[in-house]
Number of protein chains: 2
Amino acid sequence: MMFTLSEENYLKAIFHLQTVSGKGISTNAIAKKLETKASSVTDMIKKLADKEVLTYIKYQGVSLTDLGRKIALGVIRKHRLWEVFLVEKLNFSWDEVHDVAEQLEHIKSTKLINELDTFLEFPKMDPHGDPIPDKEGKFQKIEKKLLSTLKENQLGVCVGVNDSSSEFLKYLDRYQISLGQKIRVVSKESFDGSVTILINNKEMSISQKIANNIYIQS
Amino acid sequence: MMFTLSEENYLKAIFHLQTVSGKGISTNAIAKKLETKASSVTDMIKKLADKEVLTYIKYQGVSLTDLGRKIALGVIRKHRLWEVFLVEKLNFSWDEVHDVAEQLEHIKSTKLINELDTFLEFPKMDPHGDPIPDKEGKFQKIEKKLLSTLKENQLGVCVGVNDSSSEFLKYLDRYQISLGQKIRVVSKESFDGSVTILINNKEMSISQKIANNIYIQS
DNA sequence: AAATATTTTTAGTCTTGACTAAAAATTTAT
DNA sequence: ATAAATTTTTAGTCAAGACTAAAAATATTT
Ligand SMILES: [Mn+2]
Ligand SMILES: [Mn+2]
Ligand SMILES: [Mn+2]
Ligand SMILES: [Mn+2]
């Protein structure tokens, strides 16, 4: 069975939504994620249900089947391996890779992706700290929490981001926040949720929104 | 101005047809090359004429504009660079690269293709002996003739192929014909045009069709 | 110079994946 | 328990890019 670029993007989006909110995924949630209209989503999920990659009950949202999950993980594997390639071999920075990887993830060739994996020496993480599924779709889930959940005086290491947009990543670069960076929470402001952190012996304040998009391992 | 995958394929096909038959390219020739119908071609060339990448006079075929030529060369550059990448870095053989390159050639990112070029150390030829245009679309045209045009007892080096199909390339592999291989014409059979050649001190006979698809430099 | 054959274009249809507007179902508020 | 608000589905439209069948133009024979 073959899947179009559009179908692959739907499966990927639904997979990502499922990993956060365990329940059935709503039409609206999918529409929002894919920046499309709810009616378009209804059309597409009917087609995907016919192809048996998800189950769909009217008015009750959708849920991926094992096959659907497998296909989504295949696309995610390709996306992340290409991101590693771009950073490691082609001098891209972590804020430049996402858009190109969105295109590359749809190239169809099992040999291509498995040879790429070998060429890169089987990386386990992409440039944003996200795990790369192996051939069988298996990947380790790493322990991580949002920076905003740390208490005053707690220490952690940045291990990922919750937002891969170029804007956010460039912001992090500007403040020397990269994967592996040690971060200590100095104080938290209850008024606006902003956090004062210590990085490389320098104190700085970041907004709650920023703190909500940085993953930390203690 | 943005071009779709389909539009890029039309431009590439027309470019290739133009390099062999200098004149205006007929609707039918394009249809044949792209394995589509003449009516579909008429539709598309109207659109491409609107976009000013080719000139089109009803019933008289088409001809690329400078812009059209530039875009076609960009796609060809990408195709060939990806082919080099697949062979040099990902253990593909020359008969496996074409289909994947057909997909990769449509990825849009100037940084990607220029960094890939750098990573590969600016190759001048693809795995089939075809020249790779540089950023500006410039490439050297190499001197080459068909093996079938050699006279008895003449010697040459294989520098390219006229057919990149997997079937043909596998045939060449089987008979140890690869780029750089020295080939001597021992005799030619006027009855069926077949050629007896000497390769690595071994004599073998190849059909006229095969001899018509191997490029030689004397 | 007609007649015939071939090529090219036009007209109309189909599929995919989107959209808007309106109807129907469900959820939340009163 | 109704009413109001929200979500979801349906119905109808559109553009891209393909297709078939038929008409029109051009090329080739006789
Ligand atoms: Mn990404
Ligand atoms: Mn990533
Ligand atoms: Mn090729
Ligand atoms: Mn090639």
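Letters A, B, ... mirror the listed sequences (proteins, then strands); counts begin at 1. Treat the numbers as computed from the prediction; the structure is a model and nothing was measured.
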### Message
Just to verify, what does B:Y175 make a ring-ring contact (aromatic ring centres under 6.0 Å, His included) with, not counting sequence neighbours?
### Response
B:Y171
Using whole Å, what does the distance between atom [atom2] of nucleotide [N] and atom [atom1] of [X] come to?
{"X": "A:K51", "N": "C:dG17", "atom1": "NZ", "atom2": "C1'", "answer": "13 Å"}
{"X": "B:D43", "N": "C:dG12", "atom1": "CG", "atom2": "C1'", "answer": "11 Å"}
{"X": "A:I25", "N": "D:dT8", "atom1": "CD1", "atom2": "C1'", "answer": "15 Å"}
{"X": "B:I45", "N": "C:dT7", "atom1": "CD1", "atom2": "C1'", "answer": "12 Å"}
{"X": "A:Y59", "N": "D:dT8", "atom1": "OH", "atom2": "P", "answer": "10 Å"}
{"X": "B:K58", "N": "D:dA25", "atom1": "NZ", "atom2": "P", "answer": "9 Å"}
{"X": "A:Q60", "N": "C:dA24", "atom1": "CD", "atom2": "P", "answer": "20 Å"}
{"X": "B:K47", "N": "D:dG17", "atom1": "NZ", "atom2": "P", "answer": "3 Å"}

Using nucleotides 2-4 of chain C, report all nitrogen or oxygen pairs with the protein that are shorter than 3.5 Å.
none

### Message
At a heavy-atom distance below 4.0 Å, what parts of residues 4-14 of chain A sit against DNA chain C?
### Response
A:T4, A:S6, A:Y10
Side chains of residues 133-149 of chain A: which donor-acceptor pairs under 3.5 Å do they make with residues two or more places apart or in other chains?
from: A:D134; atom 1: OD1; to: A:E136; atom 2: N; distance (Å): 2.8
from: A:D134; atom 1: OD1; to: A:G137; atom 2: N; distance (Å): 3.1
from: A:D134; atom 1: OD1; to: A:K138; atom 2: N; distance (Å): 3.0
from: A:K145; atom 1: NZ; to: A:S218; atom 2: OG; distance (Å): 3.1
from: A:S148; atom 1: OG; to: A:N212; atom 2: OD1; distance (Å): 2.7
from: A:T149; atom 1: OG1; to: A:L146; atom 2: O; distance (Å): 2.6

## Note on the structure
Hits for side-chain contact (heavy atoms from CB on, under 4.5 Å) against B:E88, two or more places apart or cross-chain, chain-then-number order -> B:V84
#### Entry: Validation row: A:K78, A:L112 side chains within 4.5 angstrom (heavy atoms)
no
### Message
So B:L172 and B:N213, do their side chains get closer than 4.5 Å, heavy atoms only?
### Response
no
### Query
Mind checking what makes side chain to side chain donor-acceptor pair (under 3.5 Å) contact with B:N91, not counting sequence neighbours?
none
### Query
In chain order, what residues pass the side chain to side chain donor-acceptor pair (under 3.5 Å) check against A:E105, with sequence neighbours excluded?
A:K12, A:H79
### Query
Would you say D:dT10 has OP1 or OP2 under 4.0 Å from some side-chain N or O of A:K46?
yes
### Query
Side-chain N or O of A:Y56 less than 4.0 angstrom from OP1 or OP2 on D:dT9?
yes
### Task
Five pairs at each end of the helix from C:dA1-D:dT30 to C:dT30-D:dA1: take the axis at both ends and give me the angle between them to 10°.
10°
Kindly list each side-chain donor-acceptor pair under 3.5 angstrom involving residues 31-42 of chain A, sequence neighbours excluded, with atom names and distances?
from: A:T42; atom 1: OG1; to: A:A38; atom 2: O; distance (Å): 3.1

Using atom types as modelled, flag every donor-acceptor pair under 3.5 Å from a side chain in residues 1-11 of chain A to any protein atom, sequence neighbours excluded.
from: A:T4; atom 1: OG1; to: A:S6; atom 2: N; distance (Å): 3.4
from: A:T4; atom 1: OG1; to: A:E7; atom 2: N; distance (Å): 3.1
from: A:E7; atom 1: OE1; to: A:T4; atom 2: N; distance (Å): 2.9
from: A:E7; atom 1: OE1; to: A:K51; atom 2: NZ; distance (Å): 3.1
from: A:E7; atom 1: OE2; to: A:K51; atom 2: NZ; distance (Å): 3.2
from: A:E8; atom 1: OE1; to: A:H106; atom 2: ND1; distance (Å): 2.6
from: A:E8; atom 1: OE2; to: A:K108; atom 2: NZ; distance (Å): 3.3
from: A:N9; atom 1: OD1; to: A:H106; atom 2: NE2; distance (Å): 3.1

#### Entry: Flag for A:D95-A:S93: side-chain donor and acceptor within less than 3.5 Å
yes
### Query
Going by atom types alone, do A:N28 and A:S26 pair a side-chain donor with an acceptor below 3.5 Å?
no
### Task
Would you kindly check if the NZ (Lys) or CZ (Arg) of A:K89 is within the cone defined by 45 degrees around the ring axis of B:F85 and under 6.0 Å from the six-membered ring centre?
no
### Query
Yes or no on side-chain contact (heavy atoms from CB on, under 4.5 Å) for B:F168 and B:I210, after CA distance, side-chain angles and deciding distance?
CA-CA 8 Å; B:F168 180 59; B:I210 299 290; 3.8 Å; yes
### Query
Which of residues 27-41 of chain B have a heavy atom under 4.0 Å from DNA chain D?
B:T36, B:K37, B:S39, B:S40
### Query
Quick one: side-chain hydrogen bond (donor to acceptor under 3.5 Å, both in side chains) pairs with a partner in residues 61-75 of chain A, sequence neighbours left out?
A:Q18-A:S63
